[in-house]
Amino acid sequence: MTSWLIGLAIFLIYVLGILSAVLALMSARTSQGAIAWIISLLTMPYLAVPAYWIFGRPRFYGYVLARGERDSVLRRQLHRYRDRFEPYLSSASNADIRAVEQLALMPLTRGNRAELLVDGEATFESLFAGIEAAEEYILIQFFIVRDDALGLELKQRLQRAAERGVRVCFLFDEIGSHSLPERYLRDLRMAGVEVSAFRSSRGLKHRFQLNFRNHRKVLVVDGREGWTGGFNVGTEYLGENPRLGHWRDTHLKLSGPSVLGLQEAFWEDWHWATGEMISLTWTPVPFAGDRQDEGLAESQSVVIVPSGPADQLETASLLVQHAIHSAHERLWVTSPYFVPDQGVQDALRLAAMRGVDVRIMMPERPDHLLVFLSAFSFLPDMLRAGVKVFRYQPGFLHQKVMLIDDVAASVGTVNLDNRSFRLNFEITAVVPDRRFAAEVRQMLERDFGDCRRVTLEELTRRPLWRKLLSRAAYLLSPIQ
């Protein structure tokens with residue numbers, strides 16, 4: 001009897017392996033990922049089946065269904081303010097910008113001000129000032145929130161805002177913030193703050209969707225001002241981690257109609273996490289220095305690009321590839337985790353080969369060893385094609401910034417790796433404005449001054465064991 005049950009269990013495991021292999025064949029986002037999963041599921045189903053249902057799901061299907069619900073509601077709300085949006089819709093005469101709009105499913109708006117925030121002191125001073133100035137509501141989400149001195153200050157400011165009658169919605173990723181104690185959340189709730197985890201595994205059908213993360217960092221105040229960029233909430237982001245040292249990061253403060261793009265992304269995430277469709281202000285407000293009677297000639301155009309595993313397209317990867325193909329003179333990219341897919345690698349090499357000044361800025365000090373080692377497997381080919389690679393020296397580099405020629409720049413949460421391209425919910429602000437691009441260029445030029453340039457010789461002379469280790473690390477990148 002026992003042997004019969006064991007045989008039945010083995011048979012069912014192999015059936016599940018075959019069914020999962022069929023699903024991987026039909027839905028994997030890359031051919032390499034499909035082949036890897038199919039071989040594993042057919043030959044080692046007892047190990048591969050649970051791994052596939054936790055790590056191999058290609059799309060966040062529950063979120064897709066929730067998006068269908070919110071689309072009709074949100075469209076009805078925005079329709080009432082359509083005539084108020086018209087003055088701030090920026091005509092995208094440039095085909096490159098029209099493509100970004102199509103990826104974003106959001107319009108390019110003018111009447112904005114984009115302010116660079118360099119490093120932690122400037123960023124958190126601006127974030128906290130925005131929270132203190134809130135009158136109606138605060139929408140706030142971070143991937144990581146820590147229960148340390150900086151996290152405590154954030155909690156106290158949100159508590160005070162709620163106590164003075166401001167509606168506060170606080171969203172966090174339960175995996176990124178796994179160490180956040182229940183006490184922290186309970187204190188917020190007691191003060192009147194509405195708190196929710198993102199809950200990627202919400203519901204029985206999605207119980208094993210543990211590989212999807214909400215990596216967005218967003219603060220919206222009254223629908224008028226918004227912030228996004230690389231910072232999470234923890235004292236290491238102020239440079240207080242002795243192992244990583246100085247923390248180099250960039251955030252962005254937005255004022256104007258583009259803030260509603262950040263607000264829509266949060267609204268959608270909140271609806272997934274809680275099932276609630278919160279009532280917000282959807283009337284666009286130009287930034288205070290932009291007087292309507294003087295026209296909008298001096299304002300900046302901005303388009304917000306949310307991306308994630310519920311999208312029909314691989315939005316983040318396509319956005320990066322589009323930026324690379326659009327560059328004619330320079331493409332400068334900073335990313336702490338640089339393990340791009342083959343399409344992005346090829347695009348970077350081709351850009352360098354056609355004479356574009358392609359520069360990649362990466363950290364010298366790793367905080368994720370596997371990702372750090374992976375880059376060494378393909379960097380030699382990058383250097384041979386003319387891509388310039390720089391390692392940041394003073395501390396840890398965490399900013400996610402792109403500069404395209406002298407005409408556009410972006411700041412956001414997207415890293416150049418498989419997780420940001422396919423598994424994480426991310427958000428990017430694209431600013432096609434020469435003045436803003438000039439500010440970003442000056443900022444990055446200072447950063448390049450704090451870097452050392454990587455040479456082909458130092459990579460090729462590495463011992464064989466280190467080359468093998470790098471290659472193994474690259475192959476162990478998430479299978480998709």
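Heavy-atom neighbours of Gln102 CD from other residues, nucleotides or ligands within 6.0 Å: at or below the threshold of 12. Sparse packing is recorded around CD of Glu121, with 12 or fewer heavy atoms of other residues, nucleotides or ligands lying under 6.0 Å away. In the displayed structure, Arg248 atom CZ is contacted under 6.0 Å by more than 12 heavy atoms of other residues, nucleotides or ligands. Annotation for Arg157: atom CZ counts as buried by contact number, over 12 foreign heavy atoms lying within 6.0 Å.
Under the ring pair (Phe, Tyr, Trp, His ring centres under 6.0 Å) test applied with Phe198, the options Phe172, Phe425, Trp270, Phe212 reduce to a single match, Phe425.
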Full working for side chain to side chain contact (heavy atoms under 4.5 Å, CB included) between Leu423 and Asn418: CA-CA 7 Å; Leu423 298 174; Asn418 180 72; 4.1 Å; yes
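Under the 3.5 Å distance criterion, with hydrogens and angles disregarded, a donor-acceptor pair is assigned to the side chains of Asn214 and Gln141. Under the 3.5 Å distance criterion, with hydrogens and angles disregarded, a donor-acceptor pair is assigned to the side chains of Arg419 and Asn424.
Under the 4.5 Å side-chain criterion, counting only non-hydrogen atoms from C-beta, Phe143 is not in contact with Ser177.
A cation-pi arrangement is not found for Lys217 relative to Phe231, the charged atom failing to lie both closer than 6.0 Å to the ring centre and inside a 45° cone about the ring normal.
By the 4.0 Å N-to-carboxylate-O rule, Glu194 lies too far from Arg189 to be salt-bridged with it.
Two rings, from His251 and Phe124, have their centers 6.0 Å or more apart.
Residues forming a ring pair (Phe, Tyr, Trp, His ring centres under 6.0 Å) with Phe390 (at least two apart in sequence, or on another chain): Phe448.
Below 30°, between 30° and 60°, or above 60°: for His398 and Tyr337 the angle between ring planes is above 60°, a perpendicular geometry.
No donor-acceptor pair under 3.5 Å is formed between the side chain of Asp346 and the backbone N or O of Gly343.
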